[in-house]
Amino acid sequence: MTTSPLVRGKSMKRVVGTVGVMGVMVSMTLIATAPATAAPAQKGCDSRTNNTQQKLLECVRVDGVVEHLQAFQAIADAHGGTRADQTPGYDASVEYVVDVLEAAGWSADVVPFTYDAADIVLRQLTPVAADYVANDATGTGEGDVTGTVIPVDINLTGDRANSSGCEESDFAGLNFSGPNDIALIQRGTCPFGQKAQNAQTAGAEAVILFNQGDSVGDGDRFGPVNPTLGAFTAAIPVVGTSFDAGVALAAPGSTAQVKVDFYEATSHNVIGELAGKNASNVVMAGAHLDSVPAGPGINDNGSGSAALLEVAQQMAKTKPQNTVRFAWWGAEELGLIGSTEWVQSLNAEQRAEIALYLNFDMIGSPNYYFGIYDANESSFVAPVVVPEGSTDIEQTFEEFYTLLGEPYDDSAFSGRSDYSEFIEVGIPSGGLFTGAEQVKTAQQEAIWGGTAGEWFDPCYHQACDTIDNIDVHALEVNSDAVAYAVSTYAASTESVNGVKGVKIPGNFPVPAPAGPEHTFAGPLGGDDHGHDHDRHYDSE
């Protein structure tokens, strides 16, 4: 292995060495130890200053990350099994992050933000009693309706193809003359707005839109649908739910309550900062702190949140060249709200101080692949403008995976996580992702192990996203990747935004990137579906 240092200059070129077979197979412990000595005990890590990359990587340990995950699990267990925004579990998660940061010597600000929210109830009363997860449709009206559920031209068998509610004739012969009739409509064929409008015209007082129950298109036609009504604004409550809930609600004699009540919600982001010598050049990294209501959210996104906490603790005694700022975002699962509100609250000068943003959302999926946001668009044509400098971030992660001998692939630079508003205002961004509801292929199993034919995270957005829903190897590698990228840019962002820094303290030589595996339909044809918090606009 060459001893040439990594150089970051205005030309954005690196001096890289080559790594032989023995080099790429060496463990992270050996890579991070120079000269080759035993890593310090945890007590030693807690007391020393990790002011080189070697020292930092020695002391960022998966056991420390898991301790934070266990804390998040305990919080969920004590608060109804969830850490979702607007729940006591989320509030306790905020308090935990603040306590860890302040104990480590970081500043910790709890920053409030408000957003329009809705109290949603979808409750079946007969022939069974059950509450179902539901989303308010964008464009819904308010209301609280308890009445008879009337299925509209649905298809629960075979391929479940349907045109439920697409035509006014679908409502012919159905009795919507009562004061509290609820139309039950299946996803398929036409836009949700068309279905809801037809139901309202037919006399329905509420609409339930449920998922189709197939695997066409985006790969998940079973979970709770998150509908948008487009140009149509309903005067009645319209909610989206899962295929299974739709099947239950379609039973003869079904009655239900559908409620949509608008209110202004207040939530909080946590912003931690480690002061650098250059206060006006800020390296940011973030992870969303909230879970979905269905579960504790240990992979999504306790994994990213816990990795940042571990890195923060191990960096705490250092004085970086650039100021380092970490964020734990609220209301991400509701539409990237916390990060969006925070970025929009900044003035032009404050935005200009942010050299780059690193996003870590689901970095320990149990059936993982190692994904890097595809800033150079070698696999995916980005549906967004990729800010200049983002490709350097992608390359930094590529170098690290190559250094460890870990194969990696591109993840679509789609803007479907908390980096969205950062790239919207032109801040270079990048990050890591180990997969959600996309099905792993046989090719991907051969590369990363795991199980072909199953989701990268089989518990994505479910109650089973617990402390058992983590691959420790993926979590360990990616926690080190977080530390590597943060420490790299804490020294210098010159290769991203042209601001001169200092030589990376104690950096070890890195190889040229091995290149992505291109397992998602090949170069410029991939589709990994990202981490989707988008609304569903169409039924198709």
Side-chain angles (χ1 to χ4, degrees), residues 1-17 19 23 26-40 42 44-61 64 104-106 272-285 307-308 310-326 355-356 358 392-393 395-404 430 477 479-511:
M1 184 180 294
T2 179
T3 57
S4 300
L6 178 64
V7 176
R8 293 173 177 267
K10 287 185 177 178
S11 63
M12 300 187 189
K13 293 181 179 179
R14 293 168 168 78
V15 176
V16 295
V19 178
V26 71
S27 72
M28 190 65 247
T29 300
L30 293 178
I31 289 173
T33 306
T37 58
Q42 189 61 50
C45 286
D46 292 341
S47 62
R48 79 178 188 181
T49 301
N50 295 316
N51 56 0
T52 69
Q53 282 190 325
Q54 288 94 334
K55 289 181 179 179
L56 182 62
L57 289 167
E58 284 172 358
C59 287
V60 170
R61 299 180 178 183
W106 285 55
E273 191 160 291
L274 183 65
K277 297 175 183 177
N278 187 345
S280 61
N281 195 50
V282 178
V283 174
M284 273 201 78
L308 284 182
E310 173 69 4
V311 173
Q313 287 177 307
Q314 300 307 330
M315 287 187 67
K317 296 181 184 301
T318 67
K319 181 70 172 181
Q321 171 66 21
N322 297 313
T323 293
V324 177
R325 181 183 297 155
F326 287 173
L356 56 92
L358 309 173
D392 187 87
I393 299 170
Q395 185 174 337
T396 294
F397 287 121
E398 288 182 332
E399 290 168 351
F400 185 75
Y401 283 139
T402 302
L403 181 66
L404 267 60
V477 169
S479 297
D480 285 335
V482 173
Y484 177 79
V486 170
S487 60
T488 294
Y489 293 120
S492 177
T493 62
E494 188 171 2
S495 56
V496 175
N497 67 348
V499 176
K500 290 184 177 181
V502 298
K503 179 183 175 182
I504 301 166
N507 70 290
F508 36 79
V510 296

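Every value quoted in this text rests on a predicted model; they were computed, and no experiment measured them.
The only member of N497, T396, N322 that meets side-chain hydrogen bond (donor to acceptor under 3.5 Å, both in side chains) when paired with Y489 is T396. The only member of R48, Q53, Q314 that meets side-chain hydrogen bond (donor to acceptor under 3.5 Å, both in side chains) when paired with E58 is R48.
Taking all atoms of both residues into account, the shortest heavy-atom contact from F326 to L308 is CE1-O, 3.5 Å. L403 and P509 make their closest contact through CD1-O, 3.6 Å (heavy atoms, listed as atom of the first residue, atom of the second, distance). Of all non-hydrogen atoms in L358 and A485, the two that sit nearest each other are CD1-CB, 4.0 Å. In plain terms, the two heavy atoms of N281 and A355 that are nearest each other are OD1-CB, 3.4 Å. Residues A279 and T323 come closest through the heavy atom pair CA-OG1, 3.4 Å. Contact detail for A316 and L274: the closest heavy-atom pair is O-CD1, 3.8 Å.
Side-chain contact between Y484 and V510: present, with at least one pair of heavy atoms (C-beta onward) separated by less than 4.5 Å. Between L56 and V486 there is no side-chain heavy-atom pair separated by less than 4.5 Å.
A distance of 14.0 Å separates NZ of K319 from CG of N51, quoted to the nearest 0.5 Å. Of the inter-residue distances, the one linking K317 atom NZ with S47 atom OG reads 7.0 Å to the nearest 0.5 angstrom. Here L57 contributes atom CG and F400 contributes atom CZ; the two are 5.5 Å apart, rounded to the nearest 0.5 Å. Going from atom CD1 of I504 over to atom OG1 of T52 covers 11.5 Å, rounded to the nearest 0.5 Å. Atoms OG and NZ, on S492 and K503 in that order, are 13.0 Å from each other to the nearest 0.5 Å. Taking CD1 of I393 as the reference point, atom OG1 of T493 lies at 10.0 Å (rounded to 0.5 Å).
For E310 (side chain) and R61 (main-chain N/O), a donor-acceptor pair under 3.5 Å exists by modelled atom type.
Contacts of E273 classified as salt bridge (charged side-chain N to carboxylate O under 4.0 Å, His left out), with partners at least two apart in sequence or in another chain: R325.
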**Report entry** Candidate pair V499 and N278, rule side chain to side chain contact (heavy atoms under 4.5 Å, CB included), full reasoning
**Finding:** CA-CA 10 Å; V499 176; N278 187 345; 4.0 Å; yes
